There are 2 protein chains.
Amino acid sequence: MTHQPSEHTGAPPGYDPRAFPPFAVTVDLAVLTVRAARLHVLLVRRGEAPHRGAWALPGGFVRPDESAGAAARRELAEETGLSGSTVRHLHLEQLRTYSEPDRDPRMRVVSVAYAALLPDLPEPRGGGDAAHARWTPREDAAPLAFDHERILADAHERVSAKLEYTCLATGFCPAEFTLGELRQVYETVWGVPLDPPNFRRKVLATPGFVEAVEGPPRRTGGRGKPAALYRAGPASALHPPLLRPEGRRP
Amino acid sequence: MTHQPSEHTGAPPGYDPRAFPPFAVTVDLAVLTVRAARLHVLLVRRGEAPHRGAWALPGGFVRPDESAGAAARRELAEETGLSGSTVRHLHLEQLRTYSEPDRDPRMRVVSVAYAALLPDLPEPRGGGDAAHARWTPREDAAPLAFDHERILADAHERVSAKLEYTCLATGFCPAEFTLGELRQVYETVWGVPLDPPNFRRKVLATPGFVEAVEGPPRRTGGRGKPAALYRAGPASALHPPLLRPEGRRP
DNA sequence: TCCTTAATAGTCATCCTGACTATAAAAGGG
DNA sequence: CCCTTTTATAGTCAGGATGACTATTAAGGA
């Protein structure tokens, strides 16, 4: 990137280097969490045209002195009210960039989309007036403004895929969690039930995925035998991967 | 996205919707091919400051009326002289967007990077004055202008990963190819030798990956027993994946 | 003709996974 | 207090997939 306009770039001859085509650059965030065994996404209600009153993914303009990733973290902090330290450390994944010329009816805007995973469910308290932010079940997130349904679908697919070969799932969990909760994350994001013994075997057989927490098997909450607690381990990748059960042969 | 500047986006209060921060948007292309059992990348020599005279990835400004993907295809056609039809059909993969504020010393430029795979080795004949385009062995592609070494590294990693779970490798091959040539693609991109019988077994066991070509086992070229010919099949994904031999346990 | 090279056919043991069965430890209802 | 329900956890078992090898076939070159 950052090319000089010149003949071979396709710019018109005699093109002035400073007279580049002007674009606005924004970020859009697909912030996901697992809540009550359902995948939720953070949505805001638009207060401005176009799509005034419609639900949309949070986002905003990239400022002149920050990268798109920095803008995404700033917007995330503003929308959720999470502490700077929390936002600074959580996983932000750049999805892709959407640049169709007609994405925005007012002007040429390209948007860099990010996906973020949040542990539990801190009700969003927008930094300023953002009581307009709400957790919405993923399947209820329609219609959305602009091409945000597409972005959300891409985010969902990317997260589903990354669960297969990374330890990302622990990002959906609190600091200490049970294997049942971790399994719930997979089942919720993938939308399929998993066999508890097999899931347990696989997770425990992957070095560095999770670490046992010493204490008693406290923290039941519901019925059933109390489960042991684990925390996220140092590993970041899964070898071999934990594949979605899709190629099922009966 | 395409957001209206407003208080909750982080824009200054009273911000005028049209006075968005101005950015230039470019595309950069990591065009890869396998040539003489080595991975090559298409580089151009810069004729303008900054980095005048340095090698760089081909690319250029996105025009006001085209998407980044369309700009990438246009630039690719201009740099390689490939036919419009060829360029229109080959696989272009959006990598990610690079937006560090200091990427370009002259102005604020964000660049959408793409990776492309080309079959054999059509010596690049730039559309206009682009005799400045050259195939360069991937490991010789340094130093490069701007952050292009980083982009190239990201492209290499992305392609390596996609070879594992997609049929992308056939994109490096001509219309008809031998399993040895296909294996060569994997070995070259991954930089590791693969066991020929095992590779063959895996490829043939994946439905739709390749289809046998009827004719005689023509097209030898070198020594050894002549190999049967295949063409790309209809499948696009590999289930289960063909994983890189990295987690080797001795 | 002998040697080298590369494709292709098989073998074998191991690892991983999906499908199940069984046991343990809680909560809740009668 | 006993019984049922629920969830966690321990094992078992067969089949598929893979890595490591051996063997055979069919060219080219010296």
Side-chain angles (χ1 to χ4, degrees), chain A residues 36-37 163-165 173 176-188 190 192-207 209-210 212-213 215-230 237-250, chain B residues 36-37 163-165 173 176-188 190 192-207 209-210 212-213 215-230 237-250:
Chain A
L163 287 191
E164 289 187 325
Y165 56 95
C173 296
E176 298 190 345
F177 51 87
T178 68
L179 292 187
E181 290 167 339
L182 186 63
R183 178 168 44 82
Q184 183 73 253
V185 168
Y186 278 88
E187 293 179 329
T188 301
W190 287 348
V192 296
L194 297 178
D195 182 70
N198 289 343
F199 179 82
R200 174 191 190 77
R201 184 220 295 160
K202 174 68 180 177
V203 169
L204 294 182
T206 302
F209 193 177
V210 299
V213 171
R218 182 187 47 79
R219 184 153 178 262
T220 308
R223 295 158 285 239
K225 178 176 175 178
L229 287 178
Y230 295 85
L238 257 51
H239 282 295
L242 176 48
L243 297 175
R244 280 173 274 190
E246 67 167 317
R248 285 247 181 88
R249 302 98 176 167
Chain B
L163 288 191
E164 290 187 324
Y165 56 95
C173 296
E176 297 189 345
F177 51 87
T178 68
L179 292 187
E181 290 167 338
L182 186 63
R183 179 167 44 82
Q184 183 73 252
V185 169
Y186 278 89
E187 294 179 329
T188 301
W190 287 349
V192 296
L194 298 178
D195 181 70
N198 289 343
F199 180 82
R200 174 188 190 78
R201 184 219 295 158
K202 173 69 182 176
V203 170
L204 295 181
T206 302
F209 192 177
V210 298
V213 171
R218 178 187 53 77
R219 186 151 175 266
T220 309
R223 294 158 288 236
K225 178 176 176 178
L229 286 179
Y230 296 85
L238 259 50
H239 283 293
L242 176 48
L243 297 175
R244 281 173 274 191
E246 66 168 317
R248 287 248 181 87
R249 301 97 178 168

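Keep in mind that what you see is a predicted model, and the values were worked out from it rather than measured.
B:L242 has its CG atom 20 Å from the P atom of D:dG16, to the nearest Å. We find that CZ of B:F199 is positioned 20 Å from P of D:dC21, with the value rounded to whole Å. Computed from coordinates, the A:Y165 OH to C:dC16 P distance equals 21 Å when rounded to whole Å. The distance from atom CD of A:E164 to atom P of C:dT17 is 12 Å, rounded to the nearest whole Å. For the pair A:L238 CG and C:dC16 P, the computed distance is 12 Å after rounding to whole Å.
Atoms CZ and OG1, from B:R200 and B:T178 in turn, are 10.0 Å apart once rounded to the nearest 0.5 Å. To the nearest 0.5 Å, atom CD of residue B:E176 and atom CD of residue B:E181 are 10.5 Å apart. The NE2 atom of B:H239 sits 8.0 Å away from atom CG of A:L243, with the distance rounded to the nearest 0.5 Å. Here CZ of A:R201 is found 11.5 Å from OG1 of A:T206. Values are rounded to the nearest 0.5 Å.
Considering every non-hydrogen atom in both B:Q184 and B:A37, the closest pair reads OE1-CB, 3.5 Å. Contact detail for B:W190 and B:L242: the closest heavy-atom pair is CH2-O, 3.2 Å.
When atom types are taken as modelled, the side chain of B:Y230 and the backbone of B:L179 share no donor-acceptor pair closer than 3.5 angstrom. One N or O on the side chain of A:E187 and one on the backbone of A:L194 form a donor-acceptor pair closer than 3.5 Å.
With the end axes of the helix from C:dT1-D:dA30 to C:dG30-D:dC1 each set by five pairs, the angle from one to the other reads 0° at 10° resolution.
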Checklist line | Reading 5' to 3' through nucleotides 4-13 of chain C, protein heavy-atom contacts under 4.0 Å coded B for base, S for sugar-phosphate only, - for none | finding: -BBBBBBB--
